[in-house]
Peer 1: 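Starting off with a structure, shown below.
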Number of protein chains: 4
Amino acid sequence: MPRTREQNRRIREKRMDQILQAALQVYREKGYHGTEMGEIARRAELGRGLVYYYFKDKEDVFVTLITQTLNGWKEVMDGIMQSEQTVADKLSTALIRMCELASENPEITHFHQTIIRDTHVLFPDRYKEIDGYYEDAIWLPLRHLFKKGASSGELRVSPPVAERFYASILFGAVQGEKKIDRASIQEWVDVALYGMIQK
Amino acid sequence: MPRTREQNRRIREKRMDQILQAALQVYREKGYHGTEMGEIARRAELGRGLVYYYFKDKEDVFVTLITQTLNGWKEVMDGIMQSEQTVADKLSTALIRMCELASENPEITHFHQTIIRDTHVLFPDRYKEIDGYYEDAIWLPLRHLFKKGASSGELRVSPPVAERFYASILFGAVQGEKKIDRASIQEWVDVALYGMIQK
Amino acid sequence: MPRTREQNRRIREKRMDQILQAALQVYREKGYHGTEMGEIARRAELGRGLVYYYFKDKEDVFVTLITQTLNGWKEVMDGIMQSEQTVADKLSTALIRMCELASENPEITHFHQTIIRDTHVLFPDRYKEIDGYYEDAIWLPLRHLFKKGASSGELRVSPPVAERFYASILFGAVQGEKKIDRASIQEWVDVALYGMIQK
Amino acid sequence: MPRTREQNRRIREKRMDQILQAALQVYREKGYHGTEMGEIARRAELGRGLVYYYFKDKEDVFVTLITQTLNGWKEVMDGIMQSEQTVADKLSTALIRMCELASENPEITHFHQTIIRDTHVLFPDRYKEIDGYYEDAIWLPLRHLFKKGASSGELRVSPPVAERFYASILFGAVQGEKKIDRASIQEWVDVALYGMIQK
DNA sequence: GATGAATGAGTGTTCATTCAT
DNA sequence: CATGAATGAACACTCATTCAT
């Protein structure tokens, strides 16, 4: 008797997750090129071929890893954007939430921080698409705030500088091996915003 | 008739520079793994074997590239450290000078920014040594300032946060394709320091 | 309640035919190595494993395809051989009938024409057996005619040349994409039997 | 001291020839997919990677093999076309010369006969280009003759049928393992041109 | 100093086949 | 009878490195 559709769906979901988690682990240790598909399979305790059963190729594994987490982040950002707060508070909340997320998921954060720099080299055909995901999830909403804050006078810097600055702070929250600990997040964000926000 | 010692020295120097510049160019376009030794040779307009005559291996090419520029930066930093300024002014000057350097040499800056995150993956045997160069040239002197500034009350943040913050700002000065333009450096540094420095 | 023997037989037959037809289709488009077992299953709208339930392996699918049609052709040939005609007329009739069959079933004809050249490469263990089927169905009866025709003077060529020639004409009836149309078969056979050049 | 340009050129030429000959040999025994690049290298007594130094990929090896011999054949055909003969004599001469060539180079002939059927499957991107080479070298000149012969009454068949027929005869000259021997070529061509059946 | 031909270990990927359900 | 998840052997191709000249 064949498995039911539902059983298969569950198996697939579980397997894809195993593979993605294994890929993330290996990536952390060895980087993109050091990550062999065989090693991913081994860590996931699956056969070599199964990785290709679920993902088209190595690129697909990593691009999926990117998009999947971006979806989660997008939800967080959207929630904040729709809340009733001043621009400054939204920026602060967003920064705190993102730093918290980064702190809670250092592996995935490190993954994004490093892979984002290399998308155009690693995935020359898809890097525009991928950059688009980052834009949608994170930068478009923030950019809107920067503009609004600048014109209302809440922010003391021009939107482009604000954007660059915000990104720097975000990326700075996890550097190499050292993620920022929960207790320091508030201090970290304060430093950032004090320079940024009009008194 | 054979070449003189001096002639040979000059040739050596020129060749090594050709190779290093070629490596830097290709790295920008293709990343470390995308940079083939053959491509380096081709861009340098030299025979493939000659690269191995001047450098032990691929690792050696890139590590040399790292150390060579770090030496230049170290001199700049040392100059600032030995000057007669307040901690805040030294920090400001250093930040400005480093941002200027980054703005003037976007290629080499991008190279450092990206390679620094991967040293432990790319050069597992030498990454401690390499990190040491960065420490010596940049972080040791700065760390000294952070400590001094914290104890004197000039800085409103703890030294570890200060260090992380400073690094973030430095890295933020050149992001991907967009380097900061000279005119904006002052604004950039202001934003950073305004949050950082006790009023 | 379980199926009856007869129901099962019918299902079996239908399934095997689905698979064989699917295999033929894919073969036409992609050739032997381009034909994946999964693709066969997909085209037949069956589960992947079922193909292996009905056929031992890929080889078995294709060898079955060969033998099945050869059986049909053998009957045609046998009918002609047992008729009351001169050697020349039998040769002519056979050529016409075979060309008609080829014209009516271009897919299967193309399949035979191409696979026949590769049997020793594709099925090294069974190629003698397979060649035997071709011999039995087609060449043994024809060879008998060539010999008879040569000794009676009806044919102006030696049996080996006649055989080679006959084969060439048969193969020529379907070339690549262009099968011969029904209306041209007579002309085609005429040329073969009476030559290309007007006397 | 580096090798001179001329030395290198000679080495390259020799190597490419070694590889092409090895590929031809293996192809004969194993067919396209059975021909592993490693086996080609082994037969040519060269390192695995050198094959890729001289040829872009497996496809390139075999396409080069096709075009190289087609160039030779084209010259032969052109010579005949430019001669002073009747259409029938040109057709006869061409057929004889091509059959002789086929008989002298059974390996390469078998290669062409089999690969030509599979170009669209093996080289989906280049098969039009490849077919074009065949057209230029062989079929365009012949087609011209068929037309001329048909309108002058020298040929008793329509040009399309003549073309199909001629191709069949040409292909028939080498069938599987059995190439036609020199002595039989004349008989073979006679049958083709004057028919199988004695009048 | 200089060249580029030569090598082969290493890796991504495919696909026939098996098997738990 | 039926399904599709799972496996792994096999193979094309890349590229750092060596070496004869």
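Every chain is numbered from 1, with letters handed out A, B, ... down the list of sequences. What you are looking at is a predicted structure, and each value in this text was computed from that prediction instead of being measured. Both backbone and side-chain heavy atoms feed into the values below; hydrogens, waters and symmetry mates do not.
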Peer 1: What distance do A:Leu70 atom CG and A:Leu65 atom CG have between them, rounded to the nearest 0.5 Å?
Peer 2: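 Those atoms lie 10.0 Å apart.
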Peer 1: Using heavy atoms to find the nearest nucleotide of DNA chain E for A:Lys58 and D:Ile11 separately, return the residue whose nucleotide is more 5′.
Peer 2: D:Ile11
Peer 1: Have a look at A:Phe55 and say if it touches a base, only the backbone sugar-phosphate, or nothing, with a 4.0 Å heavy-atom cut-off.
Peer 2: nothing
Peer 1: Which nucleotide in the list E:dT17, E:dT13, F:dA2 gets nearest to the side chain of C:Asp57?
Peer 2: E:dT17
Peer 1: Could you check B:Gly38 against C:Glu45 and say which one's nearest nucleotide on DNA chain F is further toward the 5' end?
Peer 2: C:Glu45
Peer 1: Look up atom CD in A:Glu39 and atom CD in A:Glu29, then write down how far apart they are to the nearest 0.5 Å.
Peer 2: 7.5 Å
Peer 1: Using a cut-off of strictly less than 4.0 Å, decide whether B:Arg15 has a side-chain nitrogen or oxygen near OP1 or OP2 of E:dA2.
Peer 2: yes
Peer 1: Does a side-chain N or O of B:Tyr53 approach OP1 or OP2 of E:dG1 to a distance below 4.0 Å, or not?
Peer 2: yes
Peer 1: Output yes when at least one side-chain N/O atom of D:Tyr52 is less than 4.0 Å from OP1 or OP2 of F:dT14, else no.
Peer 2: no
Peer 1: Would you check if the side chain of D:Lys30 reaches a backbone N or O of D:Glu36 as a donor-acceptor pair within less than 3.5 Å?
Peer 2: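 No; judged by distance alone, with no hydrogens or angles, the pair does not exist.
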Peer 1: Rounded to whole angstrom, note down the P distance from E:dG1 over to F:dT21.
Peer 2: 23 Å
Peer 1: Under 3.5 Å, which protein N or O atoms sit close to an N or O of nucleotides 8-10 of chain F? Give each pair with its distance.
Peer 2:
residue : atom : partner : partner atom : Å
F:dG8   : N7   : A:Gly49 : N            : 3.2

Peer 1: Closer to the 5' end of DNA chain F via nearest nucleotide, is it C:Arg12 or A:Val51?
Peer 2: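 Between the two, 5'-proximity favours C:Arg12.
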Peer 1: For F:dT3, does OP1 or OP2 lie under 4.0 Å from any side-chain N or O of A:Asn8?
Peer 2: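 For A:Asn8, the contact criterion (side-chain N or O under 4.0 Å from OP1 or OP2 of F:dT3) is not met.
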Peer 1: Can you tell me how far apart CD1 (C:Ile115) and NE2 (C:His110) are? Round to the nearest 0.5 Å.
Peer 2: 10.0 Å
Peer 1: Nearest heavy atom decides the nucleotide; on that basis, is B:Arg9 or A:Glu59 closer to the 5' end of DNA chain E?
Peer 2: B:Arg9
